[in-house]
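Notes for the one structure printed next.
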Amino acid sequence: MVDSIPAGLWEWFKSCKQITRLFFNFSDDQNESTAISPSGDTLLEDYIDGSQRRQYAFEVVRFLPATEEANDPGNVEMIEDVESLVEWVRAKDAAGEFPELPTGCFADGVQTLETSTGYVAMQSEGKAKYMLPFALTYIKE
């Protein structure tokens, strides 16, 4: 059993085979480094029995090689990498395979927060930083 939502997300993303360098909240900017960065835990509904429906928002930050060369397929490969990570999360959600949560919390889903697959938050020579917004919806007793 995990002790926190961050620990549950950490263990869940460790099972994603394309993530080979996983960090939490902070990371280096080396190619294929991936960080889980929390952005807020929001109350969605209060229930009469005292339980709550909540949303734990987070972003997956992914560093990948970038190119500014004409006719170079490298940037296509980058977006395919990012899209495959989003698809991994969507497949896990559809299968009901959610992160393990602490006692008294029950996952209800993991969704992308935007219709896009992510966005480039930074680009420098030879690398790009992708931000992928997600949210874990859960019930807290």
Side-chain angles (χ1 to χ4, degrees), residues 1-70 72-141:
M1 186 56 104
V2 297
D3 294 334
S4 66
I5 291 173
L9 288 171
W10 173 262
E11 292 300 322
W12 194 61
F13 276 105
K14 277 177 37 180
S15 72
C16 181
K17 292 181 182 180
Q18 78 188 68
I19 297 176
T20 57
R21 297 176 43 102
L22 184 62
F23 299 84
F24 197 89
N25 208 29
F26 298 99
S27 74
D28 60 28
D29 64 353
Q30 300 302 307
N31 290 338
E32 298 188 15
S33 289
T34 304
I36 304 163
S37 181
S39 55
D41 192 355
T42 305
L43 173 66
L44 299 176
E45 293 180 81
D46 263 326
Y47 299 113
I48 196 163
D49 66 357
S51 63
Q52 300 175 331
R53 182 173 171 80
R54 303 188 65 87
Q55 181 181 57
Y56 189 89
F58 62 96
E59 293 184 310
V60 172
V61 181
R62 184 108 166 122
F63 291 92
L64 295 168
T67 180
E68 294 178 5
E69 296 295 320
D72 186 330
N75 292 337
V76 173
E77 293 166 5
M78 267 196 330
I79 196 64
E80 288 171 346
D81 177 281
V82 169
E83 287 174 347
S84 70
L85 185 55
V86 171
E87 287 306 314
W88 181 86
V89 171
R90 288 179 177 158
K92 291 288 197 179
D93 179 64
E97 297 174 14
F98 306 127
E100 182 181 353
L101 298 182
T103 302
C105 295
F106 304 94
D108 190 34
V110 181
Q111 306 82 26
T112 56
L113 289 181
E114 296 182 6
T115 57
S116 67
T117 58
Y119 58 93
V120 176
M122 176 204 77
Q123 184 177 351
S124 64
E125 190 174 320
K127 66 181 77 171
K129 175 183 176 182
Y130 278 88
M131 305 290 283
L132 305 138
F134 295 101
L136 166 70
T137 305
Y138 69 100
I139 302 297
K140 182 177 181 179
E141 293 181 329

Report task. Please report the C-alpha distance between Ile19 and Leu85 in whole Å, then the side-chain angles of each, then the deciding distance to 0.1 Å, and finally whether the side chain to side chain contact (heavy atoms under 4.5 Å, CB included) criterion is met. Result -> CA-CA 9 Å; Ile19 297 176; Leu85 185 55; 3.9 Å; yes
[atom1]/[X] to [atom2]/[Y] distance, rounded to the nearest 0.5 angstrom?
| X | Y | atom1 | atom2 | answer |
| --- | --- | --- | --- | --- |
| Glu80 | Glu87 | CD | CD | 12.5 Å |
| Lys129 | Ser33 | NZ | OG | 12.0 Å |
| Phe58 | Ile5 | CZ | CD1 | 10.5 Å |

Going by side-chain hydrogen bond (donor to acceptor under 3.5 Å, both in side chains), name the residues that satisfy it together with [X], two or more places apart in sequence or in a different chain.
| X | answer |
| --- | --- |
| Gln55 | none |
| Ser84 | Gln18 |
| Ser39 | none |

Requested in this report: Any pair with a residue in residues 7-24 that passes salt bridge (charged side-chain N to carboxylate O under 4.0 Å, His left out), sequence neighbours left out, goes on the list, sorted by first then second residue, please.
Outcome: Glu11-Lys14, Arg21-Asp28
Report task. Would you mind listing every salt bridge (charged side-chain N to carboxylate O under 4.0 Å, His left out) that reaches into residues 104-113, with sequence neighbours excluded? Result -> Arg53-Asp108
Name the atoms and distances for all side-chain donor-acceptor pairs under 3.5 Å in residues 97-107, with sequence neighbours left out.
unit_1: Glu97; atom_1: OE1; unit_2: Lys92; atom_2: NZ; d: 2.9
unit_1: Glu100; atom_1: OE2; unit_2: Met1; atom_2: N; d: 3.3
unit_1: Glu100; atom_1: OE2; unit_2: Val2; atom_2: N; d: 3.3

**Report entry** Flag side-chain contact, heavy atom, 4.5 Å: Leu132 against Thr112
**Finding:** no
Requested in this report: May I ask you to test the Leu22-Ile36 pair for a side-chain heavy-atom distance under 4.5 Å?
Outcome: yes
**Report entry** Pairs where residues 19-52 contributes a residue and the test ring-ring contact (aromatic ring centres under 6.0 Å, His included) is met, not counting sequence neighbours
**Finding:** none
Query - Ser37: side-chain contact (heavy atoms from CB on, under 4.5 Å) partners, not counting sequence neighbours - result: Asn25, Val61
Query raised in the report: Residues two or more places apart in sequence or in another chain: which of them pass side-chain contact (heavy atoms from CB on, under 4.5 Å) with Ser4?
Result: Pro6, Ala7
Show me the donor-acceptor pairs within less than 3.5 Å that the side chains of residues 133-141 make with the rest of the protein, sequence neighbours left out.
unit_1: Thr137; atom_1: OG1; unit_2: Gln111; atom_2: OE1; d: 3.1
unit_1: Tyr138; atom_1: OH; unit_2: Asp41; atom_2: OD1; d: 3.1
unit_1: Tyr138; atom_1: OH; unit_2: Asp41; atom_2: OD2; d: 2.7
unit_1: Tyr138; atom_1: OH; unit_2: Arg54; atom_2: NE; d: 3.4

Requested in this report: Would you please name every residue forming a ring pair (Phe, Tyr, Trp, His ring centres under 6.0 Å) with Trp88, sequence neighbours left out?
Outcome: Trp12, Phe13
Report summary line: Nearest heavy-atom contact between Asp81 and Arg62 is OD1-NE, 2.8 Å
